[in-house]
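I have placed the structure first, in the form of structure tokens, so that the comments after it can refer back to it.
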Amino acid sequence: MQKIKRRIFETIEVSEDSTTAGKIFDVFLISLILINIMMVIGDTFNLPENIKTVSRCLDVISVIIFTIEYLLRVWTSDMLYPQYGKVKSRLRYIFSFMALIDLLAVLPFYIPLLMRIDLRVLRILRIIRLLRIFKVNRYTNALNTVGAVLKNKANQLVSSMFIVALLMVISSIIMYNVENPAQPEVFKNAFSGLWWAVSTFTTVGYGDIYPITTCGKVISAIIALLGIGLVAVPTGIISAGFMEEMGHEKEDDKDESNKHYCPYCGKKID
């Protein structure tokens with residue numbers, strides 16, 4: 001039984017030295033995830049009934065496969081966390097990010113089977129199927145890189161976002177006091193001014209709410225110019241973080257490749 005468990009673990013666990021069965025499993029699961037994403041997109045179209053039937057069948061098959069995968073990962077989690085006991089390792093895996101994604105991806109299928117639920121709520125729950133796209137994170141470092149950048153630049157991002165949010169609140173209150181006497185039906189309260197501030201600071205400018213007084217237009221122009229610079233600050237921080245992370249990855253790859261060469265003569269070590 002332990003050998004079977006080890007073989008299953010090596011098959012379903014993503015690693016650079018995956019077995020042939022593991023690589024086939026990875027390709028199959030990625031393909032299934034992409035098919036599910038196309039199915040979610042297809043649900044938004046008025047498709048023929050026979051295609052909808054095929055889509056429902058594929059959804060059931062996908063849920064069964066994803067459920068089996070989830071249970072196998074829980075079962076073999078003690079091999080993923082060998083430093084913990086069986087119970088603790090399984091609890092650690094169950095509450096990990098990817099395990100929660102796996103669980104949420106199949107829950108919309110099982111919830112109606114367990115309890116009576118309004119069909120309108122069910123339609124909303126089906127959107128959770130989109131979370132299956134995050135399962136691809138097991139096979140790519142893209143989301144890991146994004147997470148590392150956000151983690152490393154968290155303090156700078158929080159500081160810049162706090163300043164932007166503070167200026168949005170201040171500008172919304174100012175604009176409300178300036179424009180409310182002239183157009184009370186538009187700038188009804190500070191929240192109306194906040195919506196205007198968000199669209200102005202982000203340079204979106206929907207045009208559904210805008211100042212008509214001279215003072216309001218002057219303030220709006222100043223805030224729009226400030227928005228160009230202030231909203232770009234978090235973007236610059238994230239861009240710098242990506243450049244640093246890419247530099248670290250290149251250095252790690254270089255260090256890894258240098259391990260195969262003699263540090264003294266430079267010859268390749270067999």
Side-chain angles (χ1 to χ4, degrees), residues 9-10 12-18 22 25-26 29-30 33-34 36-37 40 66 69-70 72-74 76-85 87-107 127-169 194 197-198 201-204 226-259:
F9 174 75
E10 291 174 352
I12 65 176
E13 189 60 30
V14 181
S15 62
E16 294 182 357
D17 53 346
S18 296
F25 177 80
D26 295 346
L29 214 59
I30 291 174
I33 293 168
L34 295 177
N36 274 260
I37 294 168
V40 173
F66 288 142
E69 180 214 2
Y70 174 77
L72 287 175
R73 290 186 183 278
V74 173
T76 59
S77 58
D78 56 324
M79 294 186 174
L80 182 63
Y81 304 108
Q83 67 273 28
Y84 302 110
V87 176
K88 191 172 182 179
S89 61
R90 286 169 184 171
L91 288 174
R92 184 179 178 86
Y93 174 76
I94 288 172
F95 291 101
S96 65
F97 175 75
M98 288 309 305
L100 292 174
I101 291 297
D102 292 344
L103 184 61
L104 289 174
V106 298
L107 272 182
I127 300 175
I128 300 177
R129 290 189 302 165
L130 284 172
L131 292 175
R132 292 172 189 170
I133 194 172
F134 289 104
K135 290 163 68 68
V136 180
N137 186 46
R138 286 197 177 99
Y139 313 97
T140 175
N141 291 325
L143 291 179
N144 291 331
T145 302
V146 173
V149 170
L150 294 178
K151 183 179 179 180
N152 295 334
K153 298 295 181 180
N155 292 334
Q156 296 93 319
L157 284 172
V158 170
S159 299
S160 61
M161 294 300 293
F162 175 76
I163 294 173
V164 172
L166 185 63
L167 288 176
M168 282 185 180
V169 172
L194 186 59
V198 170
F201 264 91
T202 56
T203 68
V204 175
L226 286 173
I228 295 173
L230 289 174
V231 175
V233 172
T235 306
I237 293 172
I238 294 174
S239 299
F242 271 109
M243 295 301 295
E244 291 177 7
E245 189 66 24
M246 291 172 64
H248 293 327
E249 289 179 359
K250 288 181 179 179
E251 289 179 2
D252 292 340
D253 292 340
K254 186 177 179 181
D255 292 340
E256 186 66 26
S257 62
N258 287 339
K259 290 180 180 179

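Heads up: numbering here begins at 1 and tracks the sequence. These numbers come from the heavy atoms of this one structure, side chains and all, not from hydrogens, waters or symmetry mates. The structure presented is a predicted model; accordingly, all values stated were derived computationally and were not measured.
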With a 4.5 Å limit on heavy-atom distance, are the side chains of Phe9 and Leu72 in contact? no
Mind running side chain to side chain contact (heavy atoms under 4.5 Å, CB included) on Leu107 and Leu104 for me, showing each step along the way? CA-CA 5 Å; Leu107 272 182; Leu104 289 174; 4.0 Å; yes
First locate atom CG of Leu150, then atom CD of Glu245, and finally report the distance between them rounded to the nearest 0.5 Å. 10.5 Å
What I'd like to find out is whether the side chain of Lys88 reaches to under 4.5 Å of the side chain of Tyr81, using heavy atoms alone. no
Looking at Ile33 and Phe66, what are the two nearest heavy atoms and their distance? CG1-CZ, 3.9 Å
Say you draw a straight line from CG of Asp102 to CD of Glu69; how long is it, rounded to the nearest 0.5 Å? 5.5 Å
When rounded to the nearest 0.5 Å, the distance separating CG of Leu29 from CG of Leu34 is 10.0 Å
By side chain to side chain contact (heavy atoms under 4.5 Å, CB included), Val74 pairs with (sequence neighbours left out) Tyr70, Arg90, Tyr93, Ile94
For residues 153-162, run the donor-acceptor check on the side chains, cut-off 3.5 Å, and write out each pair with its distance to 0.1 Å, sequence neighbours left out.
{"from": "Lys153", "atom 1": "NZ", "to": "Glu244", "atom 2": "OE1", "distance (Å)": "3.3"}
{"from": "Lys153", "atom 1": "NZ", "to": "Glu244", "atom 2": "OE2", "distance (Å)": "3.2"}
{"from": "Ser159", "atom 1": "OG", "to": "Asn155", "atom 2": "O", "distance (Å)": "2.9"}
{"from": "Ser160", "atom 1": "OG", "to": "Gln156", "atom 2": "O", "distance (Å)": "3.2"}
{"from": "Ser160", "atom 1": "OG", "to": "Leu157", "atom 2": "O", "distance (Å)": "2.9"}

Taking Arg73 for the side chain and Ala99 for the main chain, is one N or O donor matched with an acceptor at less than 3.5 Å? no
Taking side chain to side chain contact (heavy atoms under 4.5 Å, CB included) as the definition, give me every residue that meets it alongside Met243, ordered by chain and number, with sequence neighbours left out. none
Rounded at 0.5 Å granularity, tell me how far CG in Leu226 sits from CG in Leu167. 7.0 Å
Go through the structure and list residues passing side chain to side chain contact (heavy atoms under 4.5 Å, CB included) with Val87, not counting sequence neighbours. Leu91
